[in-house]
Amino acid sequence: MHELGVVIEVVKTVIKVAEKNQLQSVDTIVLQIGQLSSMIPEYIQACYPAAVDGTILEKTRLEIEVLPANALCKACHQVFNILENHSRCPGCEAEEWGLLSGKEFIVKEIIAQ
């Protein structure tokens with residue numbers, strides 16, 4: 001489970017941002033995780049309490065937004081979800097596409113009180 005190491009790095013980054021911006025407290029951290037990311041949202045959520053234990057973020061909430069694995073069909077230019085459509089364009093059945101989203105792992109927001 002490599003998620004714990006990644007979450008610890010996210011916590012360190014958020015602490016640096018909070019200190020740099022002189023935030024007294026952080027209420028919520030919002031992460032965006034793509035469906036094709038190597039990160040599993042449930043594992044991230046499970047690791048979070050251990051990662052923030054004993055830090056200034058100990059009482060923060062973690063919100064995770066899962067971003068769809070979207071692609072653009074090279075044949076008909078339709079945008080579609082790769083996973084839902086088994087890597088095949090639902091419009092023309094083509095299997096050649098360009099990835100638009102789905103591999104992200106982003107700290108979207110740090111919400112202060």
Side-chain angles (χ1 to χ4, degrees):
M1 182 188 324
H2 63 285
E3 283 83 1
L4 180 57
V6 172
V7 175
I8 288 170
E9 289 305 313
V10 167
V11 167
K12 287 178 185 177
T13 300
V14 171
I15 289 171
K16 286 179 188 175
V17 170
E19 289 172 349
K20 180 180 177 183
N21 291 285
Q22 300 175 348
L23 300 177
Q24 298 301 315
S25 63
V26 174
D27 180 59
T28 307
I29 297 169
V30 181
L31 298 180
Q32 289 183 323
I33 302 175
Q35 286 181 315
L36 300 176
S37 166
S38 63
M39 298 296 129
I40 299 171
E42 292 81 14
Y43 292 173
I44 296 291
Q45 198 71 257
C47 292
Y48 187 72
V52 296
D53 187 42
T55 72
I56 63 169
L57 302 178
E58 195 165 31
K59 299 201 187 289
T60 61
R61 291 183 316 118
L62 177 65
E63 291 181 13
I64 296 175
E65 298 174 356
V66 178
L67 300 178
N70 285 340
L72 177 66
C73 177
K74 290 187 177 185
C76 74
H77 306 290
Q78 180 174 338
V79 174
F80 65 98
N81 185 286
I82 299 165
L83 299 177
E84 291 173 7
N85 293 285
H86 309 288
S87 298
R88 186 179 295 248
C89 176
C92 70
E93 299 292 317
E95 294 183 17
E96 290 191 40
W97 42 263
L99 185 65
L100 296 175
S101 65
K103 289 194 169 194
E104 300 85 355
F105 185 84
I106 302 166
V107 177
K108 178 186 174 188
E109 280 183 280
I110 300 169
I111 302 170
Q113 287 182 324

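In this chain, numbering begins with 1 at the start of the sequence shown.
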Same apolar cluster: Ile64 and Val11, side chain cutoff 4.5 Å: yes
Within a strict 4.5 Å, meaning less than it, do heavy atoms of the Ile29 and Tyr48 side chains meet? yes
Can you confirm whether Met39 sits close enough to Val6 that some side-chain heavy atom of one is under 4.5 Å from a side-chain heavy atom of the other? yes
Would you check, one step at a time, whether the test side chain to side chain contact (heavy atoms under 4.5 Å, CB included) holds for Thr28 with Thr60? CA-CA 5 Å; Thr28 307; Thr60 61; over 6 Å; no
What is the minimum heavy-atom distance between Gln78 and Pro90, and which atoms define it? NE2-CG, 3.4 Å
Any side-chain heavy-atom pair of Gln35 and Asn81 under 4.5 Å: yes
Would the distance check show the side chain of Ser37 and the main-chain N or O of Ile33 forming a donor-acceptor pair, the cut-off being under 3.5 Å? no
Rounded at 0.5 Å granularity, tell me how far CD in Gln32 sits from CG in Leu67. 4.5 Å
How about Cys89 and Trp97: do any of their side-chain heavy atoms sit closer than 4.5 Å? no
If you apply the rule side chain to side chain contact (heavy atoms under 4.5 Å, CB included), what do you find for Val7 with Val52, and how did you get there? CA-CA 9 Å; Val7 175; Val52 296; over 6 Å; no
Is there side-chain contact between Leu72 and Phe80, with heavy atoms separated by less than 4.5 Å? no
For Gln45 and Pro41, indicate whether the former's side chain and the latter's backbone hold a donor-acceptor pair under 3.5 Å. no
Tightest non-hydrogen contact, residues His77 and Lys74, listed as CE1-O, 3.9 Å
Which pairs of donor and acceptor atoms, one on a side chain in residues 16-27, lie under 3.5 Å apart (sequence neighbours left out)?
residue: Asn21; atom: ND2; partner: Val17; partner atom: O; Å: 2.8
residue: Ser25; atom: OG; partner: Gln113; partner atom: OE1; Å: 3.0

Determine the minimum heavy-atom distance between Leu99 and Asn70, stating which atoms define it. CD1-O, 3.6 Å
Measure the shortest side-chain to side-chain distance between Leu31 and Ile106 over non-hydrogen atoms and say whether it is less than 4.5 angstrom. no
Given side chains that start at C-beta, do those of Val107 and Val10 come closer than 4.5 Å, heavy atoms only? yes
Test item: Leu36 and Ile82 side chains (from C-beta on) under 4.5 Å apart, heavy atoms: yes
Donor-acceptor pair, distance only, cut-off 3.5 Å: does the side chain of Asn85 make one with the backbone of Arg88? no
In short, side-chain hydrogen bond (donor to acceptor under 3.5 Å, both in side chains) pairs touching residues 101-110 with sequence neighbours left out are Glu65-Lys108
